[in-house]
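Each remark here refers to the structure printed beneath this line.
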Amino acid sequence: MSNPWTDGPRELIQHAVDHLGLGGDFDRRIAMISVDNAVELMIKTYLGLPERARGTKGPGRKELETASESFPALLDMLQTYASSKIVGLSLDDIEWYHRLRNQLYHSGNGITVERSKVETYLQLSITLFENFFGSPPSLSHIANVETKIGQFLRLWNQFEKTLRPQLPKKDTLAYHWKRNFLESQSEEAAELWDSVGDFRNRLVHGLVSADADQIEVQITNLKRLLTLIQR
């Protein structure tokens, strides 16, 4: 049985799934807005949980109330109090999608959003939900909207969670910290990291319109990378 404080975020994610499945421009906009609302509610809910429920210390009530007035401030607070819960995610990515959502919300009719962007933000929200609450949200009809993008991003999250415990103490920028470690394992691992990591960043930021075959290639590369670090 899920905890009651997860119901609100789960319902918003389900609302997004339902609209995305309808396929229209309006439905993609609504899905994007609903995903963003879920992400914001998740962050506020998790940071506001009692310490015994969260397992770590969190912000005070007034501190959280102040931060809740600004989405970037919420992300800063998340970085401060729950950095271990954003493995496999980038707060910069989440803020980028939040800004895209704001454009949709305030521009009104005539503005569309690509399905791939909605699918990507949806998968990021599902990963965030699982990181916060210990298991993915129970969703109906998710198989109807899930594509290769979702498969790739879920596998990426698995890779990040597998890699993180193996990394040495951080003493460089995040990219070099990870790449240097992978290069110490094998040249193949470092080369795969360059390829898959670049693809992931371009995909998440909407800089590449990859078809299913291209994503499948990167899924294969990512599976190989996982095998290399699990030896």
Side-chain angles (χ1 to χ4, degrees), residues 1-21 28-105 113 117-142 145-146 149-150 153-154 156-158 160-161 164 204-205:
M1 179 181 295
S2 62
N3 293 309
W5 52 79
T6 68
D7 288 348
R10 185 197 62 76
E11 289 170 358
L12 286 168
I13 296 174
Q14 181 66 65
H15 185 247
V17 169
D18 293 342
H19 273 281
L20 188 58
R28 289 196 300 275
R29 291 198 298 270
I30 293 299
M32 190 73 174
I33 291 169
S34 189
V35 169
D36 188 72
N37 290 343
V39 167
E40 185 167 357
L41 180 58
M42 270 189 277
I43 295 172
K44 291 178 180 177
T45 298
Y46 182 77
L47 291 174
L49 287 175
E51 182 177 337
R52 59 181 172 272
R54 192 176 49 249
T56 59
K57 290 185 177 181
R61 182 174 299 178
K62 289 186 178 180
E63 185 182 5
L64 180 56
E65 288 177 355
T66 300
S68 295
E69 298 175 2
S70 164
F71 192 80
L74 271 179
L75 296 182
D76 290 341
M77 183 171 285
L78 186 59
Q79 178 72 62
T80 298
Y81 288 102
S83 60
S84 65
K85 297 296 183 179
I86 52 178
V87 174
L89 297 166
S90 166
L91 296 184
D92 290 340
D93 294 341
I94 293 174
E95 186 170 4
W96 187 86
Y97 277 99
H98 176 72
R99 290 175 179 175
L100 178 59
R101 173 267 188 196
N102 282 345
Q103 293 175 17
L104 293 172
Y105 187 80
V113 58
K117 289 186 173 65
V118 185
E119 290 174 353
T120 302
Y121 200 19
L122 173 63
Q123 187 58 47
L124 293 178
S125 75
I126 292 172
T127 297
L128 191 63
F129 187 103
E130 182 175 1
N131 288 0
F132 280 163
F133 306 125
S135 61
S138 176
L139 302 170
S140 59
H141 310 301
I142 184 66
V145 301
E146 204 166 43
I149 291 175
L153 291 174
R154 280 202 319 277
W156 176 268
N157 190 49
Q158 180 185 344
E160 286 277 5
K161 288 182 176 180
R164 184 59 64 96
V204 168
H205 290 146

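Quick caveat, the model's predicted, so the values are computed rather than measured.
Counting heavy atoms from C-beta on, the side chains of L139 and I126 come closer than 4.5 Å. By the 4.5 Å heavy-atom criterion applied to side chains, Q14 and P137 are not counted as neighbours. Under the 4.5 Å side-chain criterion, counting only non-hydrogen atoms from C-beta, I43 is in contact with F132. Within the 4.5 Å cutoff, the side chain of M32 has heavy atoms near those of the L100 side chain.
With sequence neighbours excluded, no residue satisfies salt bridge (charged side-chain N to carboxylate O under 4.0 Å, His left out) with E63. In this structure S34 satisfies the side chain to side chain donor-acceptor pair (under 3.5 Å) test together with H15, sequence neighbours excluded. Remark: L64 engages L47, P59, S68, L74, M77 in a side chain to side chain contact (heavy atoms under 4.5 Å, CB included) (not counting sequence neighbours). For the side chain to side chain contact (heavy atoms under 4.5 Å, CB included) test, residues two or more places apart in sequence or in another chain that qualify with A31 are A16, H19, L20, V118. Every residue was checked against the ring-ring contact (aromatic ring centres under 6.0 Å, His included) condition with Y81, not counting sequence neighbours, and none meets it. Not counting sequence neighbours, R10 has no partner by the salt bridge (charged side-chain N to carboxylate O under 4.0 Å, His left out) test. Under the side chain to side chain contact (heavy atoms under 4.5 Å, CB included) criterion, L41 pairs with P9, L12, T45, sequence neighbours left out. Remark: S70 pairs with P72, A73 by the side chain to side chain contact (heavy atoms under 4.5 Å, CB included) rule, at least two apart or across chains.
Between atom CZ of residue F71 and atom CG of residue L91 there is a gap of 9.0 Å, rounded to the nearest 0.5 Å. The line from CH2 of W96 to OH of Y121 is 11.0 Å long, rounded to the nearest 0.5 Å. Distance check, rounded to the nearest 0.5 Å: CE of M42 to CG of L78 gives 10.5 Å. Atom CG in L75 sits 9.5 Å away from atom OG in S90 (nearest 0.5 Å). I149 CD1 to L122 CG: the interatomic distance, rounded to the nearest 0.5 Å, is 10.5 Å.
A side-chain hydrogen bond (donor to acceptor under 3.5 Å, both in side chains) check over residues 126-135, counting only residues at least two apart or in different chains, returns the pairs N131-K161. The salt bridge (charged side-chain N to carboxylate O under 4.0 Å, His left out) pairs that include a residue from residues 82-96 are D93-R200, E95-R99, where partners are two or more places apart or lie in different chains. Screening residues 32-61 for salt bridge (charged side-chain N to carboxylate O under 4.0 Å, His left out), with sequence neighbours left out, gives D36-R101, E40-K44.
Between the E160 side chain and the L89 main chain, no donor and acceptor come within less than 3.5 Å of each other. With hydrogens and angles disregarded, a donor-acceptor distance shorter than 3.5 Å links the side chain of Y97 to the backbone of V204. With T6 contributing its side chain and N3 its backbone, the two residues share a donor-acceptor pair below 3.5 Å.
Across all their heavy atoms, W5 and A53 have their closest contact at CH2-CB, 4.2 Å.
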Applying side chain to side chain contact (heavy atoms under 4.5 Å, CB included) to H98 and I94, what does each step give before you reach the verdict? CA-CA 6 Å; H98 176 72; I94 293 174; 5.5 Å; no

